[in-house]
Amino acid sequence: MSAAVKSYAAVDLGASSGRVMVGRVGPDSLELSEAHRFANRPVRVPEGLRWDVLGLYAGVLDGLRAAGQADSVGIDSWAVDYGLLDADGALLGNPVHYRDARTEGVAEKVWATVPAEELYAATGLQYAPFNTLYQLTAARSTTQLAQARRLLLMPDLLTYWLTGEQGTELTNASTTQLIDPRTRDWSHGIASRLGIDLDLFAPLRQPGDPAGLLRDEVLEETGLSGPVPVTAVGSHDTASAVAAVPASGERFAYICTGTWSLAGLELDTPVLTEESRSANFTNELGLDGTVRYLRNIMGLWLLQECVRAWGDPDLGGLLLEASKAPALRSVVDAGDAAFLAPGRMPERIAEACRVSEQPVPESPAEVTRCILDSLALAHRKAVQDAQRLAGHAVDVVHVVGGGTRNALLCQLTADACGLPVVAGPTEAAALGNVLVQARAHGLVGDLAGMRRLLVNTQPLTRYEPRGGTERWRAAQARLAGG
């Protein structure tokens, strides 16, 4: 291997599993391999749903040992959740899971002090009941928060345990609903009015900033030779995934697919209008001053839950049968909060079709086709709405993440949007993580240079739209009751 090639360990944590990937990067090369994968199993205890953060940290250490010697380490994860530390830097209990019930009804209390319209105009974040702001409001009277002297978002907590240094990486901080997307700094006015102490947060870090060196105890446990730097990456996994969209130019939309579908645009400035708030678009921060202007859609969670309910049938066979089922016979709103909780997903989808007076899908293939048509329709609407609200036209849709393996969904998305879809890379979050590390160490250039390297090294599949979009327009009107 050429001396110019360096090795980077990317810790990529999802809501159901974590993995440590190894990226080998040279001036004209980029290879990614999996070193270790481990489960992420939330635990329900008497006080609620919690993350097993010690199990996650053990998985990270095992992964670094399996990855071998690295030139740097970076961590990305899901957003909004956090750990609290006491004055000695010790963790005060397991972090609360974003699906925990403690934030039920909290938003209305917040809006009584800062109306929803004003909150959006200041922070640009869509309403989600689990945003960090609502979590902190729910925790206000707890002993744990009273004892806390530091709050670290999940990737920053694990980085602290690896290095002993504390920071708050910006892309993840932008999901707290406590950041002003115009200044890319804390929204001190909002925090003050809601009684949230911003001194709990460690200083902000940018993607690419140094985040410390692996502690001696970590080196001993992983068998690595020091010094090994840890580099702040786009620590919100979506920020890393969008950094790995293999686009050229600015006229593109992206859909980060997996348990969620995150569909939108990369912009230079946030869109903070009331119309944008009503459309439930969010302004999260990305690399190099960019804004991730996107809508959250329920995503392949709908299909995952159905497959689980059906006893895990062969997915390939199920998708083949779904491709033969009648198109757009029935569709549901893939962004409906009614589908957020686990359990009985086939029955809930059937009920939604029944209530909307559409044919009720009965077989697994029919339900699967309903889900994929509904997701493609939601992708279409998000891409259309984002262009209109931001005044930013696109010529292509890039699909990245796990959904790229679902060729039927990619083709239906192209059909629905009436635009070509470029699918890949599948491991976008890990690749974005690796590339930010490589850039910080001088191996690749700017964001455009990172994307050129992806185009030249990663397998991509192009789907052309088939037929017109009239039937999709009709389905969209039917879903809207028009």
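The first residue in the sequence is number 1, and the count goes up from there. None of these values were measured; they are calculated from a predicted model.
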Exercise for review: For atom CZ of R41, decide whether the heavy atoms of other residues, nucleotides or ligands shown that lie under 6.0 angstrom number more than 12.
Suggested key: no
Study note, to complete from the structure: d(L262 CG, T238 OG1) to nearest 0.5 Å is 4.5 Å
Review point. So among L162, D62, L157, D52, which one has a side-chain contact (heavy atoms from CB on, under 4.5 Å) with Y57?
Key: L162
Check your understanding: Quick one: is the NZ or CZ of R466 closer than 6.0 Å to the six-membered ring centre of W472, and within 45° of its axis?
Key -> no
Review point. Is it true that a side-chain atom of D333 and a backbone atom of G335 form a donor plus acceptor pair closer than 3.5 Å?
Key: yes
Point to revise | Under 3.5 Å donor-acceptor, R452 side chain and P246 backbone | key: no
Review point. Is a side-chain N or O of Q177 found less than 3.5 angstrom from the main chain of T132, in a donor-acceptor match?
Key: no
Practice item. Look up atom CG in L178 and atom CG in L136, then write down how far apart they are to the nearest 0.5 Å. Key: 7.0 Å
**Study point:** Step-by-step side chain to side chain donor-acceptor pair (under 3.5 Å) determination, T231 to S72
**Key:** CA-CA 7 Å; T231 303; S72 171; 2.7 Å; yes
Review point. Of all heavy-atom pairs between Y134 and A107, which one has the smallest distance, and what is that distance?
Key: CE2-CA, 3.6 Å
Review point. Would you call E427-R19 a salt bridge at under 4.0 Å N-O?
Key: yes
Review point. Is there a donor-acceptor pair under 3.5 Å between the side chain of D209 and the backbone N or O of A232?
Key: no
Point to revise | Heavy-atom side-chain contact between I349 and F339 under 4.5 Å | key: yes
Review point. If we only count heavy atoms from C-beta on, is the V367 to M345 side-chain gap below 4.5 Å?
Key: no
**Study point:** R50 side chain near P95 side chain, heavy-atom distance below 4.5 Å
**Key:** no
Review point. Going by an N to O cut-off under 4.0 Å, is there a salt bridge joining D373 and R369?
Key: yes
Point to revise | side-chain contact (heavy atoms from CB on, under 4.5 Å) between I255 and H398, worked out | key: CA-CA 6 Å; I255 306 172; H398 283 271; over 6 Å; no
Practice item. Using a 4.5 Å cut-off on heavy atoms from C-beta on, say whether the side chain of H236 contacts that of R292. Key: yes
Review point. Under 3.5 Å, is there a donor-acceptor pair between the R380 and Q476 side chains?
Key: yes
Practice item. Answer whether the closest heavy-atom distance between the side chains of D336 and V332 falls below 4.5 Å. Key: no
Exercise for review: Drop me the distance from L409's CG to T413's OG1, to the nearest 0.5 angstrom.
Suggested key: 4.0 Å
Exercise for review: Find the distance between CG (L151) and OG1 (T176) and round it off to the nearest 0.5 Å.
Suggested key: 9.0 Å
Point to revise | Spacing of SG belonging to C410 relative to CZ belonging to R405, to within rounding of 0.5 Å | key: 11.5 Å
Review point. Is it true that the side chains of Y293 and S276 contain a donor and an acceptor less than 3.5 Å apart?
Key: yes
Review point. Between R348 and E305, does at least one N-O distance fall below 4.0 Å, as a salt bridge requires?
Key: no
Point to revise | Sub-4.5 Å side-chain heavy-atom contact between P207 and T171 | key: yes
Review point. Side chains of T404 and T426: donor-acceptor distance under 3.5 Å anywhere?
Key: yes
Check your understanding: At their closest point, which heavy atom of A429 faces which heavy atom of D76, and how far apart are they?
Key -> O-OD2, 3.8 Å
Review point. Where do V20 and F38 come nearest, in terms of heavy atoms and distance?
Key: CG2-CE2, 4.4 Å
Practice item. May I ask you to say whether E464 pairs ionically with R462, meaning some side-chain N is under 4.0 Å from a carboxylate O? Key: yes
Exercise for review: Verify, without hydrogens or angle tests, whether E31 (side chain) and G23 (backbone) share a donor-acceptor contact under 3.5 angstrom.
Suggested key: no
Check your understanding: How far apart are the C-alpha atoms of H379 and S261, what are their side-chain angles, what is the distance that settles it, and do they pass the side chain to side chain donor-acceptor pair (under 3.5 Å) test?
Key -> CA-CA 8 Å; H379 294 165; S261 278; 3.0 Å; yes
Check your understanding: Can you check whether L285's main-chain N or O pairs, donor with acceptor, with S174's side chain at less than 3.5 Å?
Key -> yes
Practice item. Go through R205 and T159 one step at a time and tell me if the side-chain contact (heavy atoms from CB on, under 4.5 Å) criterion holds. Key: CA-CA 12 Å; R205 287 175 175 149; T159 296; 4.0 Å; yes
Practice item. Identify the heavy atoms of T290 and R184 that sit nearest to each other, and give their distance. Key: O-NH1, 3.1 Å
Review point. Is the W260-W78 ring centre distance short of 6.0 angstrom?
Key: no
Review point. Minimum heavy-atom separation for A35 to G63, with atom names?
Key: CB-O, 4.2 Å
Check your understanding: With Y120, which residues qualify under ring-ring contact (aromatic ring centres under 6.0 Å, His included), at least two apart?
Key -> none
Review point. Hey, are the side chains of Y8 and L443 touching, using non-hydrogen atoms and a 4.5 Å cut-off?
Key: yes
Practice item. Count the heavy atoms of every other residue, nucleotide or ligand shown that sit under 6.0 Å from CD of E250, and state whether that count exceeds 12. Key: no
Practice item. Could you tell me whether the side chain of N283 and the main chain of T123 form a donor-acceptor pair under 3.5 Å? Key: no
Practice item. Report the C-alpha distance between V25 and V434 in whole Å, list the side-chain angles of each, state the deciding distance to 0.1 Å, and finish with yes or no for side-chain contact (heavy atoms from CB on, under 4.5 Å). Key: CA-CA 8 Å; V25 186; V434 164; 3.5 Å; yes
Practice item. Run the numbers on L319 and T368 for side-chain contact (heavy atoms from CB on, under 4.5 Å), then give the verdict. Key: CA-CA 7 Å; L319 292 172; T368 299; 4.1 Å; yes
Check your understanding: Any side-chain heavy-atom pair from V436 and S240 closer than 4.5 angstrom?
Key -> no
Exercise for review: Count the heavy atoms of every other residue, nucleotide or ligand shown that sit under 6.0 Å from CD of E357, and state whether that count exceeds 12.
Suggested key: no
Practice item. Look up atom CG in L375 and atom CE in M298, then write down how far apart they are to the nearest 0.5 Å. Key: 10.0 Å
Practice item. Could you tell me whether the side chain of S363 and the main chain of E366 form a donor-acceptor pair under 3.5 Å? Key: yes
Review point. Do the ring planes of Y98 and W51 sit parallel (below 30°), tilted (30 to 60°) or perpendicular (above 60°)?
Key: tilted
Point to revise | Backbone of V245 reached by a side-chain donor or acceptor of R451 within 3.5 Å | key: yes
**Study point:** Donor + acceptor pair across side chains of S356, Q358 (<3.5 Å)
**Key:** yes
Exercise for review: Answer yes or no: is there a donor N or O on one side and an acceptor on the other, between the side chain of T282 and the main chain of E284, under 3.5 Å?
Suggested key: no
**Study point:** Distance-minimising heavy-atom pair for D385 and R295
**Key:** OD2-NH2, 3.0 Å
Review point. Are the charged groups of D446 and R439 less than 4.0 angstrom apart, N to O?
Key: no
Practice item. Walk me through it: do R102 and Q135 pass the test side chain to side chain donor-acceptor pair (under 3.5 Å)? Key: CA-CA 8 Å; R102 68 172 175 168; Q135 293 199 41; 2.7 Å; yes
Exercise for review: Look at atom CD of E351 and say whether more than 12 heavy atoms of other residues, nucleotides or ligands are closer to it than 6.0 Å.
Suggested key: yes
